[in-house]
Amino acid sequence: MENFEFRNPTRIVFGRGSENKVGAETAAHSKKVLLHFGGSSIKSSGLYDRVTDSLKAAGVEWVELGGVKPNPRLDLVHEGVRLCKEHKLGLILAVGGGSVIDSAKAIAMGAVIDGDVWEFYLGRGAPVDALPIGTVLTLPAAGSEASTGTVITKEEGWLKRAVNSDLLYPRFSILNPELAFTLPKFQVACGAVDISAHLMERYFTNVRNVAFTDRLIEATLKTIIRQAPLILKNSQDYDAWSEFMWAGTIAHNNLLNTGRIGDWASHDIEHEISGIYDVAHGAGLAVVFPAWMKHVLHHDLDRFVQWAVRVWNVELDVFNPEAVAREGIARMEAFFRSLGIGTTLAGLGIKDDRIDEMADKCTDGDTRTVGNFVTLDREAVRKILRLAE
Ligand code: NZQ
Ligand code: ZN
């Protein structure tokens, strides 16, 4: 195991009716905030009214900024930064899914600097301060409600880039599984794939003697595999949603990364797909992950066999480990398809004409590699995208 330091400071307020505590949670940090949200879902579900009632009751004033799109855009971040500065706001309250939370994190960094927050996304400098943020989660998927990450897209050039900083852990996140009842099946499926991907990015590591976190990751993955079909069958299944939502947060709050070094190449490659084609992140991952696995399989066949046997219940055959590993990948692909998600680029309507461009952008023109389990250069990324066709 690697040395590590771990502290996740995000306060989780979980359960039925927990959104009614948002006023008190917010007031503990600021009485004048930016209320940030996406499209129409929080208004049609009635959540907007419950959140604003709670803010009023706690004496919190707010300025609103809705309109966050999936794959959140830099232009709206700039607007949020402007509002925070103009009205001297003290916290950003994100009500929505990963895109709203990521946009809030970008605004939080931008509101305390004079320059353009995009510089951080280009890797030029690191934030030293940020406004606090709080969240009310409506879509268990990205894990941003308790993560250090934010991913933003700049439309000019369609560049999707991430920043990670401990400053971006939300101060609090409100998780009421009932808020997910209104999700379309497609978003549920994308969420299941994204959570699974966060687990597998951590699972495939070169660090030895990580048996405890291996087991935690396997258990979390099995939870998603068990609960996602129940939710698709009955969108109001509170118990299934509770397991799914909490597993989604744990999958990405860095606990399962302790003592290990994750891979993250599939995420880097996927961000080029959703950056250029504006597809849902989970849908992109369902395409990239199987192809990545087929490409790196022989790097550590034993690890793939362990994963296939323990997570996908493939029968162990010590004389034919490759067949065991490949059967694990096949079962994972079948699971994604059973949720209604395709596993090929063609299924996303993507032809090969921009594969070279994606491989080039992903590796900054072949000047950097991606991934840790196996490091990938531009040609390797291109091969993986070809395998995904
Ligand atoms: O905009 P509204 O109307 O709210 O609709 C949203 C949106 O269209 C809808 N939705 C959300 N909650 C709903 C709902 N519809 C009905 N009922 C509800 N309860 O769902 C759609 C998708 O929302 P979005 O926030 O885009 O999805 P998700 O949570 O999957 O976030 C994806 C983004 O997170 C990034 C991805 O790259 C992508 O940009 N990620 C962020 C990470 C992080 N910060 O740590 C890590 C992840 O790996 C990921 O990269
Ligand atoms: Zn993800």
Side-chain angles (χ1 to χ4, degrees), residues 8 10 19 36-48 66-74 76-77 94-106 108 121 133 135-154 160-165 168-170 173 175-202 231 235-236 241 245 248-249 251-254 257 262-275 277-286 288-289 341:
N8 187 308
T10 302
E19 68 274 22
H36 201 32
F37 52 92
S40 57
S41 80
I42 70 159
K43 292 206 170 152
S44 52
S45 68
L47 176 60
Y48 173 89
V68 179
K69 292 181 187 162
N71 300 316
R73 308 297 206 268
L74 181 62
L76 197 73
V77 168
V95 183
S99 293
V100 175
I101 300 172
D102 283 5
S103 182
K105 289 176 175 178
Y121 290 83
I133 81 154
T135 87
V136 179
L137 183 67
T138 63
L139 200 182
S144 189
E145 68 277 9
S147 84
T148 55
T150 156
V151 192
I152 296 294
T153 297
K154 184 176 185 178
K160 185 173 182 180
R161 289 290 177 265
V163 171
N164 278 281
S165 165
L168 301 180
Y169 280 120
S173 281
L175 274 58
N176 176 357
E178 288 174 328
L179 300 182
F181 285 3
T182 50
L183 278 167
K185 281 185 173 11
F186 175 70
Q187 292 298 340
V188 178
C190 287
V193 174
D194 194 15
I195 296 167
S196 303
H198 296 159
L199 294 162
M200 295 186 297
E201 296 278 23
R202 292 174 165 93
I231 290 166
S235 64
Q236 320 275 308
W241 268 122
M245 188 176 252
T249 300
H252 202 45
N253 79 346
N254 284 333
N257 211 39
D263 184 68
W264 300 103
S266 299
H267 265 73
D268 282 341
I269 298 171
E270 193 295 314
H271 286 163
E272 299 310 328
I273 298 176
S274 51
Y277 294 98
D278 205 15
V279 300
H281 172 60
L285 285 169
V288 174
F289 236 103
I341 295 275

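Every number for a ligand or one of its atoms is a count from 1 in the order of the listing.
By the 4.0 Å N-to-carboxylate-O rule, Arg73 lies close enough to Asp278 to be salt-bridged with it.
Residues His281 and Cys190 form no side-chain contact, since every pair of their non-hydrogen atoms from C-beta on lies 4.5 Å or further apart. Between Thr148 and Ser165, every side-chain heavy-atom pair lies at or beyond the 4.5 Å cut-off.
Residue side and main chain included, Asp194 places an N/O/S atom under 2.8 Å of the Zn ion (ligand 2).
In this structure, the side chain of Trp241 does not engage the main chain of Leu179 through any donor-acceptor pair within 3.5 Å.
Leu183 pairs in a side chain to side chain contact (heavy atoms under 4.5 Å, CB included) with only one of the listed residues (Ser235, Pro140, Ser41), which is Pro140. When each of Thr249, Asn253, Thr10 is checked for a side chain to side chain donor-acceptor pair (under 3.5 Å) with Glu145, only Thr249 meets the rule.
A tilted orientation is assigned to the rings of His252 and Trp264, their planes being inclined by 30° to 60°.
Listed as neighbours of ligand 1 are Gly38, Gly39, Ser40, Ser41, Pro70, Asn71, Pro72, Gly97, Gly98, Ser99, Asp102, Thr138, Leu139, Ala141, Ala142, Ser144, Ser147, Gly149, Thr150, Val151, Lys160, Leu179, Thr182, Leu183, Pro184, Gln187, Asp194, His198, His252, His267, His271, His281, each bearing a heavy atom under 4.0 Å from the ligand.
For His267 atom NE2 and His198 atom NE2, the angle they make at the Zn ion (ligand 2) is roughly 90°, to 10 degrees.
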